[in-house]
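Below is one structure, written out as structure tokens; the observations come after it.
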Number of protein chains: 2
Amino acid sequence: MSSAQLAELNKHSTRRKVEAGNEVIGQGENVGSYSNILNGVVKLSKMMADGRQQIVGLQFAPDFLGRPFLTESSVTAEAATETEICCFPRPIIDRMVGEAPELERKLHSQSLKELDEARDWMLTLGRKTAQEKVASFLYLIATHIDPERSGNSTTFDLPLSRADIADFLGLTIETVSRQMTKLRKDNIIVIENNRHVIVPEMRRLRYAAGND
Amino acid sequence: MSSAQLAELNKHSTRRKVEAGNEVIGQGENVGSYSNILNGVVKLSKMMADGRQQIVGLQFAPDFLGRPFLTESSVTAEAATETEICCFPRPIIDRMVGEAPELERKLHSQSLKELDEARDWMLTLGRKTAQEKVASFLYLIATHIDPERSGNSTTFDLPLSRADIADFLGLTIETVSRQMTKLRKDNIIVIENNRHVIVPEMRRLRYAAGND
DNA sequence: CGCCGATTTGAGCCGAATCAAGTTTCGTGG
DNA sequence: CCACGAAACTTGATTCGGCTCAAATCGGCG
């Protein structure tokens, strides 16, 4: 983007801090603004009338948050961890998109990335075992959280509770817990304090996830 | 689009007839062209190394088929029924997208529609029972195939075999068959000749799908 | 009519859900 | 710093929905 455009954006932007567990946009609510994730993790979820819930996406910095064209969000966006976002009023973005094709290109490109991720996850939800699902989740987090990974081992803090992980994987809390224990006993991961995970060999985790 | 652009497109387009079961683009293959579906149904699927398969989307006329920005397809596209498509060489479209923002807008808009559909389906895959999954599938087909529905009842031919339905729902053929039988016995649907389905009351099918 | 693939139906099994305790972690205030 | 309580997580026993394996039936087609 041109510096003039950036300046224009900056003038109308507001920074917002969202605590873990707080909603950014509710399913079916009116979307008054777009935003950029500065840090933290945001979960996108859907809920059925009887309360069953499914997390349909995770967004990390510096992802874009919002829904072009439609004013109504089809998902709930909620901070999974403490999160900072930078908000832009909807009209400003809509106008800039009209003026700057490369901005629309950028948004289009992210939509396609999210579509690819959603479809990958459909394979996980529909065809993988509980074991593979949990490994897939850990693999996903490992590859998204740790920016500069040193070779084949990684360390990170889980941004999601067991309940959230279960909602992401279409499993129950208990099954997630059991499969984590199994991965630990198989020496594929090490867990400290429930949330901190060490992956000695990414290759083995990737294999456990059924990715080759 | 302007008529000049349409004429330009027309000059370089080729019509192609694809028989049921034939591949349009393979997973990981190079995408040499974009296309429009003129009629028929195309299924998008992903496969794991060991052969497990998941259908991640269905495309109906007049959907667009192709993957902007990336030259490699992340899914396999295969005709579910006999299908006619209209193909455009990739360079032509890429150039026109650069010149006509409204074309990019159009493509962007379809990507978002597909993303919404993918996320809806994630909820189905992750959280619904076999019964609800099958009902959800029938509901999806009913709302997409039959353009002008007369009130609350519908009739259509299934574009997918039981095996394809199973791959779409993350179930086995046998389970799909049993649930179809159950829906039939519950008078929610009538089946004739395996493929032809009558829905006397869409409301009840919708309810069986868990959609309210 | 008879064949072959697609679909249905049946019996038994298994993986993940459910229900029910434990145990660990962590925040809070004494 | 420790005691307490609540929430998050783990573990165990049992149940059940959907899978597997096997056989019968249906439907389209030569």
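The sequence lines fix the lettering, A, B, ..., with proteins before strands; numbering per chain opens at 1.
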Original post:
Centroid-to-centroid, B/Phe156 to B/His196, below 6.0 Å?
Top reply: no
Original post:
Looking at A/Asp186 and A/Arg204, does any basic side-chain N land under 4.0 Å from a carboxylate oxygen?
Top reply: no
Subject >> Short side-chain N/O contact to D/dG18 OP1/OP2 from B/Thr172, under 4.0 Å >> reply: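 Looking at the OP1 and OP2 atoms of D/dG18, neither is under 4.0 Å from any side-chain N or O of B/Thr172.
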Original post:
Counting only side-chain N and O atoms of A/Thr129, is one of them less than 4.0 Å from OP1 or OP2 of C/dG15?
Top reply: no
Specify the separation, in whole Å, of atom [atom1] of [X] and atom [atom2] of [N].
{"X": "A/Leu160", "N": "D/dC9", "atom1": "CG", "atom2": "C1'", "result": "15 Å"}
{"X": "B/Asn194", "N": "D/dG28", "atom1": "CG", "atom2": "C1'", "result": "10 Å"}
{"X": "B/Leu171", "N": "D/dT20", "atom1": "CG", "atom2": "P", "result": "11 Å"}
{"X": "B/Asn193", "N": "D/dC26", "atom1": "CG", "atom2": "P", "result": "13 Å"}
{"X": "A/Met180", "N": "C/dT25", "atom1": "CE", "atom2": "P", "result": "14 Å"}
{"X": "B/Gln179", "N": "C/dT8", "atom1": "CD", "atom2": "P", "result": "12 Å"}
{"X": "B/His196", "N": "D/dG28", "atom1": "NE2", "atom2": "C1'", "result": "17 Å"}
{"X": "B/Gln131", "N": "D/dG18", "atom1": "CD", "atom2": "C1'", "result": "13 Å"}

Original post:
Which part of the nucleic acid does A/Ile173 contact within heavy-atom distance under 4.0 Å: base, sugar-phosphate only, or nothing?
Top reply: base
**OP:** Check every strand shown and say whether B/Ser177 touches a base, only sugar-phosphate, or nothing at a heavy-atom separation below 4.0 Å.
**Re:** base
Subject >> Steps toward salt bridge (Lys or Arg N to Asp or Glu O under 4.0 Å) verdict (A/Lys43, A/Asp167) >> reply: CA-CA 11 Å; A/Lys43 55 186 208 215; A/Asp167 278 345; over 6 Å; no
Original post:
Quick one: the side chain of A/Glu174 and the base of D/dC9, do they pair up donor-acceptor inside 3.5 Å?
Top reply: no
Original post:
Is there a donor N/O on one and an acceptor N/O on the other, under 3.5 Å, for the side chain of A/Arg178 and the base of C/dT18?
Top reply: yes
**OP:** Take A/Arg127 and A/Ser161, find for each the nucleotide of DNA chain D with the closest heavy atom, and name the residue whose nucleotide sits nearer the 5' end.
**Re:** A/Ser161
Original post:
How long is the span from the CG atom in A/Leu125 to the CG atom in A/Leu171, to the nearest 0.5 Å?
Top reply: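 The CG atom of A/Leu125 sits 8.5 Å away from the CG atom of A/Leu171.
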Subject >> Distance (rounded to the nearest 0.5 Å) between B/Ser136 OG and B/Lys128 NZ >> reply: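 Here the rounded value is 3.0 Å.
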Subject >> DNA chain C: 5'-proximal contact among B/Lys185 and A/Lys128 (nearest heavy atom) >> reply: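 Counting from the 5' end, the first nearest nucleotide belongs to B/Lys185.
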